[in-house]
Trainee: 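Pasting a structure below so you can have a look.
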Amino acid sequence: MSVRVRYAPSPTGLQHIGGVRTALFNYLFARSMNGSFILRLEDTDRTRSKDEYVQNLYDTFKWLGFYWDEGPDVGGPKGPYIQSERFALYREYAQKLVDMDKAYYCFCGQAKLDQKIATPAAANAAAVADVDSQEDNAQAESGYGYNRHCRSIDPAEAQRRVDAGEPYVIRLKIPLEGSTKFTDLLLGDIEWKNADVNPDPVLLKSDGFPTYHLANVVDDHTMEITHVMRAQEWIPSAPLHMLMYQAFGWTPPKLCHLPMVLGQDGQKLSKRHGATAVDEFRKKGYLKDALINYVAMLGCSYEDGRDLFSLEDLSRLFKIEHINKAPAVFDYVKLEWFNGQYIRQLTLEQLAGAMTPYLADAGLVQASPTPIEAALIAQAAPLVRERLKYLTDAPEALRFLFAEPAVPAVEEMLPKKLDAAATVRCLTTARALLVEIGVADHDTVEAAFRAKAEELGCKLGDMLMPLRMAVTGTKVSPPLFESIHALGVEKALPRIDKALAVLQAAG
RNA sequence: GUCCCCUUCGUCUAGUGGUUAGGACACCGGGUUUUCAUCCCGGCAACAGGGGUUCGACUCUCCUAGGGGAUACCA
């Protein structure tokens, strides 16, 4: 049987690193096994699910270059792939479980359940404060979870109350005794005492929508999913899902719980660790290949001794056995290195294209660059390819090409140990050389500058730094002659003259 | 609290009984250089602790400690 895996996000927020990691591993597994990768939208939380998040999901994966074989937008034989469009299915299956005495109606309202806070201290306080409700407190004796109050209601009686229109949920009957075992592809055998499983979780909510557990199991089965790869935070609900497969009499898919991705402080990765929404990485000038490469290597290895892998490489080399069990810390510094690597791998044309939106955002060029701007960008690409860590660094590095820099202050132009008068001599000489031989041939200009510097008794850098300040307005710039070449000598000269004027005034 | 999972340099990892424990990022030196980068060379740095098993444990096992996760009508 061919492999079928799915990424089943809930559109309740922007796609983040954790989700992409899960999607990526599923994707790579499917591709490496020549199987199918399926996208399914788990939008059963009707208060938190939003269309904009669905759009963000599509945008994100389009940017990353993932494709799915079956999904809401591309269709497929097991659709629909949006859970809200499968509404009737879940009630039907929940009902089956009730009919088989594997699940039951529960009439404990939300208010009663609100008393079960997640800490025993708070729960006890609530119980003490409200003596009247003690008998009927929906809290389990252990202090956690539902107390199975409605489990003992006679089915016929329950049916009458349902028919009478009383609000209800459907809960799974977790066996009181025994244990549930499953084999995780990564972690091996895991066994849970049924007493430790979430006591009788809700399957069908009072609004008629399924909970994650029901929808997930029903869909994975009906969509013939063969492998479920998800984050380790799901381990505690695995036995519950196994119990459901057992109740239905279905063969469960193979489970593989992926290690978590943590922030620098060792906690689950979240917004306070910095950018976590994928969209944010894009806006901050990361390349998708760098992000994919880096994320793929979090908690997994491919070929020893190699660092750079394309999506295709990863798809070919991925092996479940190479996934680590331990959680991995997300390291922005290492990701930065990957980003630099990928920027340097871009062709000049690709880099020019990639930088353009960022230059436009900075107001340096039109959103659709004019031919002149486009030519300038093309000339700029080789100047910065070795220098960018992020695409967002491009505007600052290239501003002098597109906008007139401020005339530098005197002290910014003075090389170490040189006064204003000496600097004027350097800059004047430099100007003359530029006029005389131009910058078309960088080696020739450089040789000329070198010779002249020696003649003047100063260092090459002493001649170049004032020139750099005058032309680019900054102490740090791409190689000067190339920069002036891209800018055009005729545009550089007035800048030099302004700088000279300032220096002469000071000298 | 309870249950579950995890543990090799600061970080990501290789390693599947016998290795000088390898690589990458970061960091620290040095070189190239026109500033900044890139690039090249070198260095620092780890098997959480304690019992077993074994001729021999980073590798197998147990315990402890530490970390993480879960304990919803959210996924």
Side-chain angles (χ1 to χ4, degrees), chain A residues 8-13 42-45 47-49 106 108-110 113-114 116-121 142-146 167-171 184 186-187 190-193 195-199 201-207 209-213 215-216 230-239 257 259-260 262 264 266-268 294 297-307 321-322 324-331 333-338 340 344 384-389 397 442 446 449-450 459-465 467-469 472 474-482:
Chain A
S10 167
T12 53
E42 307 218 331
D43 60 343
T44 54
D45 184 338
T47 59
R48 294 201 302 146
S49 294
C106 168
C108 298
Q110 187 68 61
L113 294 170
D114 282 344
K116 57 186 180 67
I117 318 296
T119 72
S142 67
Y144 295 90
Y146 177 58
Y168 67 90
V169 300
I170 292 179
R171 287 179 183 275
D184 185 283
L186 195 61
L187 273 15
I190 297 177
E191 184 169 5
W192 283 62
K193 291 195 277 296
D196 293 328
V197 177
N198 181 3
V202 169
L203 262 26
L204 200 72
K205 307 180 216 176
S206 51
D207 64 3
F209 272 81
T211 57
Y212 164 77
H213 304 296
N216 187 264
R230 64 215 329 177
Q232 284 183 2
E233 61 188 291
W234 292 105
I235 291 178
S237 51
H257 289 94
M260 309 275 303
L262 311 178
Q264 303 289 9
Q267 306 291 119
K268 198 164 141 179
Y294 177 66
M297 295 185 96
L298 273 183
C300 194
S301 63
Y302 299 84
E303 242 173 40
D304 195 24
R306 209 213 316 183
D307 305 301
E321 306 88 80
H322 287 164
N324 265 289
K325 296 178 182 180
V329 173
F330 193 93
D331 183 359
V333 176
K334 188 157 189 177
L335 172 58
E336 178 180 295
W337 177 80
F338 272 102
R344 268 161 249 141
V384 290
R385 186 162 54 175
E386 310 299 313
R387 291 173 174 71
L388 299 182
K389 286 191 290 197
H442 310 142
E446 183 177 334
F449 267 75
R450 231 175 250 291
K459 288 185 279 185
L460 178 63
D462 290 343
M463 273 181 82
L464 292 183
M465 188 47 82
L467 183 58
R468 184 188 312 284
M469 278 307 303
T472 70
T474 55
K475 281 195 158 115
V476 173
S477 81
L480 235 202
F481 301 130
E482 287 91 327

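Per chain, numbering begins at 1; letters A, B, ... match sequence-line order. For the numbers below, each heavy atom of this structure counts, side chains included, while hydrogens, waters and symmetry mates do not.
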Trainee: When the C1' atoms of A57(B) and C47(B) are considered, how many whole Å apart are they?
Mentor: 11 Å
Trainee: Just call it for Glu446(A): base, sugar-phosphate, or nothing, with non-hydrogen atoms closer than 4.0 Å on any strand.
Mentor: base
Trainee: In Watson-Crick or G-U wobble terms, both distances under 3.5 Å, what is the partner of G43(B)?
Mentor: C27(B)
Trainee: May I ask you to say whether Arg48(A) pairs ionically with Asp45(A), meaning some side-chain N is under 4.0 Å from a carboxylate O?
Mentor: yes
Trainee: Quick one: which of G69(B), A75(B), C73(B) gets closest to the side chain of Thr44(A)?
Mentor: A75(B)
Trainee: According to the Watson-Crick and G-U wobble definitions, with both distances under 3.5 Å, which nucleotide is paired to U2(B)?
Mentor: A70(B)
Trainee: Expressed in whole Å, how much space separates the P atoms belonging to U38(B) and A24(B)?
Mentor: 16 Å
Trainee: Looking at Phe209(A), is its backbone amide N or carbonyl O close enough to the side chain of Thr44(A) to form a donor-acceptor pair, meaning the two atoms are under 3.5 Å apart?
Mentor: no
Trainee: Which nucleotide sits closest to the side chain of Glu42(A): A70(B), A26(B), A75(B)?
Mentor: A75(B)
Trainee: Report yes if at least one side-chain N or O of Lys193(A) is closer than 4.0 Å to OP1 or OP2 of U2(B); otherwise report no.
Mentor: no
Trainee: Quote, to the nearest angstrom, the P distance that separates C25(B) from G51(B).
Mentor: 38 Å
Trainee: Assuming nearest nucleotide by heavy-atom distance, tell me which of Asp45(A) and Pro478(A) is located more 5' along RNA chain B.
Mentor: Pro478(A)
Trainee: Measure CD/Glu321(A) against C1'/G15(B) and give the value in whole Å, please.
Mentor: 15 Å
Trainee: Between Arg306(A) and A24(B), does any side-chain N or O lie under 4.0 Å from OP1 or OP2?
Mentor: no
Trainee: Please state whether the rings of Tyr294(A) and Phe338(A) are parallel, tilted or perpendicular, taking 30° and 60° as the class boundaries.
Mentor: tilted
Trainee: If we take the P atom in both U59(B) and C9(B), what is their distance in whole Å?
Mentor: 14 Å
Trainee: Kindly indicate whether the side chain of Ser206(A) and the base of C73(B) share any N or O donor-acceptor pair separated by less than 3.5 Å?
Mentor: yes
Trainee: Would you indicate what Lys459(A) reaches in the nucleic acid, counting non-hydrogen atoms under 4.0 angstrom: base, sugar-phosphate, or nothing?
Mentor: nothing
Trainee: With a 3.5 angstrom cut-off on both distances, give the Watson-Crick or G-U wobble partner of A57(B), or none if there isn't one.
Mentor: none
Trainee: Separation of Tyr302(A) atom OH from G23(B) atom P, in whole Å?
Mentor: 22 Å
Trainee: Donor-acceptor pair, Asp331(A) side chain versus Val333(A) backbone, under 3.5 Å?
Mentor: yes
Trainee: Base, backbone or nothing for each nucleotide of nucleotides 37-47 of chain B, written B, S, -, heavy atoms under 4.0 angstrom, 5' to 3'?
Mentor: BSS--------
Trainee: According to the Watson-Crick and G-U wobble definitions, with both distances under 3.5 Å, which nucleotide is paired to A65(B)?
Mentor: U7(B)
Trainee: Under 4.0 Å between any heavy atoms, over every strand shown, what does Ser301(A) touch: base, sugar-phosphate, or nothing? Just pick one.
Mentor: sugar-phosphate
Trainee: Please give, in whole Å, the distance from C73(B) P to Tyr168(A) OH?
Mentor: 17 Å
Trainee: Identify the heavy atoms of Lys389(A) and Glu336(A) that sit nearest to each other, and give their distance.
Mentor: CD-OE2, 3.1 Å
Trainee: Under 4.0 Å, counting only non-hydrogen atoms across every strand here, what does Gly461(A) touch: a base, just sugar-phosphate, or nothing?
Mentor: nothing
Trainee: Distance-only, no hydrogens or angles: does the Asp184(A) side chain make a donor-acceptor pair with backbone N or O of His257(A) under 3.5 Å?
Mentor: yes
Trainee: Can you tell me, in whole Å, how much space there is between the P of G22(B) and that of C28(B)?
Mentor: 23 Å
Trainee: What's the CZ-P distance between Arg230(A) and C74(B), to the nearest Å?
Mentor: 17 Å
Trainee: Would you compute the distance between atom OG1 of Thr47(A) and atom CG of Asp207(A) and round it to the nearest 0.5 angstrom?
Mentor: 8.5 Å
Trainee: Quick one: are Glu386(A) and Arg344(A) in side-chain contact, heavy atoms under 4.5 Å?
Mentor: yes
Trainee: I'd like to know if the side chain of Gln232(A) and the backbone of Lys325(A) have a donor-acceptor N/O pair within less than 3.5 Å.
Mentor: yes
Trainee: Apply the side chain to side chain contact (heavy atoms under 4.5 Å, CB included) test between Thr211(A) and each candidate in Asn216(A), Val202(A), Ile170(A), Leu204(A); give the one that qualifies.
Mentor: Val202(A)
Trainee: With P as the reference atom in both, quote the distance from A37(B) to A21(B) in angstrom, rounded to an integer.
Mentor: 36 Å
Trainee: Identify the nucleotide, in any strand shown, that forms a Watson-Crick or G-U wobble pair with U33(B), with both distances under 3.5 Å; if there is none, say none.
Mentor: none
Trainee: Can a donor-acceptor pair be found, under 3.5 Å and without considering hydrogens, that links the side chain of Ser477(A) to the backbone of Thr474(A)?
Mentor: no
Trainee: Could you state the atom-to-atom distance from NE2 of His322(A) to C1' of A14(B) in whole Å?
Mentor: 10 Å
Trainee: Taking the nucleotide of RNA chain B with the closest heavy atom to each, which residue, Leu480(A) or Asn198(A), is nearer the 5' end?
Mentor: Leu480(A)
Trainee: Expressed in whole Å, how much space separates the C1' atoms belonging to A14(B) and U54(B)?
Mentor: 25 Å
Trainee: Nearest whole Å is fine: how far is A72(B) C1' from Asn216(A) CG?
Mentor: 16 Å
Trainee: Return the value, rounded to whole Å, for the distance between atom CZ of Arg48(A) and atom P of A75(B).
Mentor: 7 Å
Trainee: Picking from A14(B), A75(B), A70(B), which would you name as closest to the side chain of Asp304(A)?
Mentor: A14(B)
Trainee: P atom, U35(B) versus C44(B): distance in rounded Å?
Mentor: 30 Å
Trainee: Can you pull every protein N or O that's under 3.5 Å from an N or O on nucleotides 5-12 of chain B?
Mentor:
residue	atom	partner	partner atom	Å
C12(B)	OP1	Val329(A)	N	2.9
C12(B)	O2'	Met297(A)	O	3.0
C12(B)	O2	Lys334(A)	NZ	3.4

Trainee: For the pair made of CE in Met469(A) and P in U35(B), what is the distance, rounded to whole Å?
Mentor: 16 Å
Trainee: Could you measure the distance from the SG atom of Cys106(A) to the CZ atom of Arg171(A)? Nearest 0.5 Å is fine.
Mentor: 4.0 Å
Trainee: Could you check whether Phe209(A) gets within reach of a base, just the sugar-phosphate, or nothing at all, counting any heavy atom under 4.0 Å?
Mentor: nothing
